[in-house]
Undergrad: 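Next up is a structure, given as structure tokens.
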2 protein chains.
Amino acid sequence: MSAPEISRKDLHEGRRNQLIDAALSLFAEKGYENATIKDLAEACGVAAGLVYHYFESKEDLLLSVFERHGFAAEMERVLLPAFDRPASEVLLEVVHSYYDLLVERESFMRMIIRESMTNPQLEERWTTMCNTGVQTLARYLAARVAAGELRAHDTEISARMLTHPVVVLRLTGGSVAQLSSIVDCLLEGINKKSGQG
Amino acid sequence: MSAPEISRKDLHEGRRNQLIDAALSLFAEKGYENATIKDLAEACGVAAGLVYHYFESKEDLLLSVFERHGFAAEMERVLLPAFDRPASEVLLEVVHSYYDLLVERESFMRMIIRESMTNPQLEERWTTMCNTGVQTLARYLAARVAAGELRAHDTEISARMLTHPVVVLRLTGGSVAQLSSIVDCLLEGINKKSGQG
DNA sequence: CGTGTCTGACTGAACGTTCAATGAGCGCTC
DNA sequence: GAGCGCTCATTGAACGTTCAGTCAGACACG
């Protein structure tokens with residue numbers, strides 16, 4: 001009857017991940033300094049001292065949260081469509097996927113924004129993540145310029161105009177329904193065109 | 001020689017403002033929780049106890065910082081050009097003024113962004129300030145649509161596309177030189193137009 | 001003008017609390 | 001029995017806040 005349902009290693013990793021995930025929730029909700037190790041331990045149903053069995057310090061825990069929940073790769077995937085697909089077809093779904101990703105990772109996003117204001121180490125990671133995303137999308141847009149679909153322009157800026165409003169929209173309670181307007185405004189412009197209806 | 005150089009009232013107000021301004025610096029730099037009353041007192045060259053002569057509590061001090069340094073009015077002023085001036089002429093200077101305002105108020109902006117992630121009272125103020133700004137600019141843009149300069153579109157979104165990238169650009173170390181591209185992209189769009197060179 | 005009273009800015013030690021972190025010890029599983 | 005997951009009592013530092021007390025200037029009265 002002593003079937004080892006889970007190995008020692010998996011037990012270790014499972015507990016560690018449970019602690020990290022609970023820490024992310026707490027950090028996002030209350031802020032790093034206001035979330036106590038006791039809070040975390042209670043949320044996981046363990047004693048406070050156990051946290052120091054898995055992490056060297058509270059700050060080590062914070063960095064571990066970043067290791068586990070950073071989503072630079074997902075962001076790049078979402079923001080890099082195939083170069084041969086037209087922007088008019090692809091940008092709306094990019095913006096929607098980006099929005100969905102932000103919703104899914106909201107806790108992490110709120111945490112990292114908050115802590116990057118005072119933690120230079122996190123600020124650099126967050127800035128890099130932002131800029132990498134922008135440049136990824138910019139590369140696609142540049143490809144569409146080269147393909148003759150889009151006019152020549154600063155594609156890093158158009159990438160920012162697609163992504164940044166989505167972030168702030170999400171943080172300040174805007175509506176998802178407006179996402180399509182973002183793409184429309186950017187593609188068509190808001191100037192009344194002479195030669196069109 | 002015993003000329004009373006400053007009145008009691010001015011002394012009070014001066015000291016109070018000195019404490020608030022120093023608190024803003026500290027809160028922006030280290031974060032609310034990491035900035036101690038002792039830090040603040042030292043920065044002002046006074047004893048820690050004096051802070052409680054001017055403020056009921058640390059949180060009262062935080063709210064007082066917001067009272068004194070909130071800039072909703074300046075933001076509305078910057079984002080509301082005269083309705084009869086054409087967007088093509090006015091938007092670039094709006095974006096530049098907005099950027100300059102953010103630079104001037106950087107400490108406050110960083111503080112409020114950080115603290116609004118965990119303090120619901122501040123979050124509401126910050127969200128309101130953001131949305132008021134967006135709607136102010138949106139009203140101007142709607143006027144330009146009505147005037148026949150701009151095509152009909154969701155002006156709240158175009159207002160977001162002008163302001164939000166500026167904020168994030170500022171926070172993630174983008175270049176000021178790119179501001180004009182924002183306006184250009186929004187007015188003209190990035191689609192290659194059929195009837196133009 | 002001079003003298004006494006009062007106000008209010010200011011100090012700095014002290015208090016109570018909270019927190020991150022430690023480490024000895026317990027029991028379970030290889 | 002060795003090692004690991006875990007508990008729990010404990011520590012020491014740091015924090016917000018309080019408070020008794022000091023001192024200089026403002027004010028009222030003679």
Undergrad: If only side-chain N and O atoms of A:H53 are considered, is one of them under 4.0 Å from the OP1 or OP2 phosphate oxygen of D:dC6?
TA: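 Answer no for this pair, as no side-chain N or O of A:H53 is under 4.0 Å from OP1 or OP2.
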
Undergrad: Atom CG of A:L19 to atom P of D:dT7: distance rounded to whole Å?
TA: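 My rounded result for the distance is 10 Å.
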
Undergrad: Between B:D184 and A:R151, is the closest basic N to carboxylate O distance under 4.0 Å?
TA: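 Yes, A:R151 and B:D184 are salt-bridged.
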
Undergrad: Please list all pairs passing the ring-ring contact (aromatic ring centres under 6.0 Å, His included) test where one or both residues lie in residues 77-108 of chain B, with sequence neighbours left out.
TA: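 Non-adjacent pairs meeting ring-ring contact (aromatic ring centres under 6.0 Å, His included): B:F66-B:F108, B:F71-B:F108.
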
Undergrad: N/O contacts under 3.5 Å, protein versus nucleotides 20-23 of chain C?
TA:
unit_1, atom_1, unit_2, atom_2, d
C:dA20, OP1, A:K58, NZ, 2.7
C:dA20, OP2, A:I37, N, 3.0
C:dA21, OP2, A:Y52, OH, 2.7
C:dA21, OP2, A:K58, N, 2.8

Undergrad: Would you call B:E33-B:R114 a salt bridge at under 4.0 Å N-O?
TA: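 Counted as a salt bridge, because a side-chain N and a carboxylate O are separated by less than 4.0 Å.
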
Undergrad: Taking NZ from B:K30 and C1' from D:dA14, how many angstroms apart are they, rounded to a whole number?
TA: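 The distance from NZ of B:K30 to C1' of D:dA14 comes to 12 Å, rounded to the nearest Å.
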
Undergrad: What is the distance, to the nearest angstrom, from the CG atom on B:D39 to the P atom on D:dA14?
TA: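 Whole-Å distance recorded here is 12 Å.
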
Undergrad: Taking CD from B:E42 and C1' from C:dT11, how many angstroms apart are they, rounded to a whole number?
TA: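 Distance check: B:E42 CD to C:dT11 C1' gives 14 Å.
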
Undergrad: Can you tell me the distance, in whole Å, between the CZ atom of A:F55 and the C1' atom of D:dG5?
TA: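 In whole Å, D:dG5 C1' lies 14 Å from A:F55 CZ.
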
Undergrad: Does B:E56, at its CD atom, have more than 12 non-hydrogen atoms belonging to other residues, nucleotides or ligands within less than 6.0 Å?
TA: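 Counting neighbours around CD of B:E56, 12 or fewer heavy atoms of other residues, nucleotides or ligands fall under 6.0 Å, so no.
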
Undergrad: Whether A:R125 and A:E115 form a salt bridge (side-chain N of Lys/Arg under 4.0 Å from carboxylate O of Asp/Glu) is what I want to check.
TA: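 No salt bridge links A:E115 with A:R125.
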
Undergrad: In which ranges does DNA chain D form stems of 3 or more consecutive Watson-Crick or G-U pairs, distances under 3.5 Å?
TA: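 Listed by first number, the stems are C:3-30 with D:1-28.
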
Undergrad: Taking CG from A:L61 and P from C:dC19, how many angstroms apart are they, rounded to a whole number?
TA: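 About 16 Å, once rounded to whole Å.
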
Undergrad: Expressed as a whole number of angstroms, how long is the span from B:R15:CZ to C:dC10:P?
TA: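 Atom CZ in B:R15 sits about 4 Å away from atom P in C:dC10.
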
Undergrad: For the residue pair A:S181 and B:H153, confirm or rule out a side-chain donor-acceptor distance under 3.5 Å.
TA: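 No, no side-chain donor-acceptor pair sits under 3.5 Å.
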
Undergrad: So with a 6.0 Å cut-off around CD of A:E93, is the heavy-atom count from everything else above 12?
TA: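 Yes, enclosed.
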
Undergrad: Testing the 3.5 Å rule here: is there a donor-acceptor pair between the side chains of A:D39 and A:T36?
TA: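 Yes, because at least one side-chain N or O of A:D39 sits under 3.5 Å from a partner of the opposite role on A:T36.
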
Undergrad: Give a yes or no on whether B:E59 atom CD has more than 12 heavy-atom contacts from other residues, nucleotides or ligands under 6.0 Å away.
TA: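 No, the 6.0 Å shell around CD holds no more than 12 heavy atoms from other groups.
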
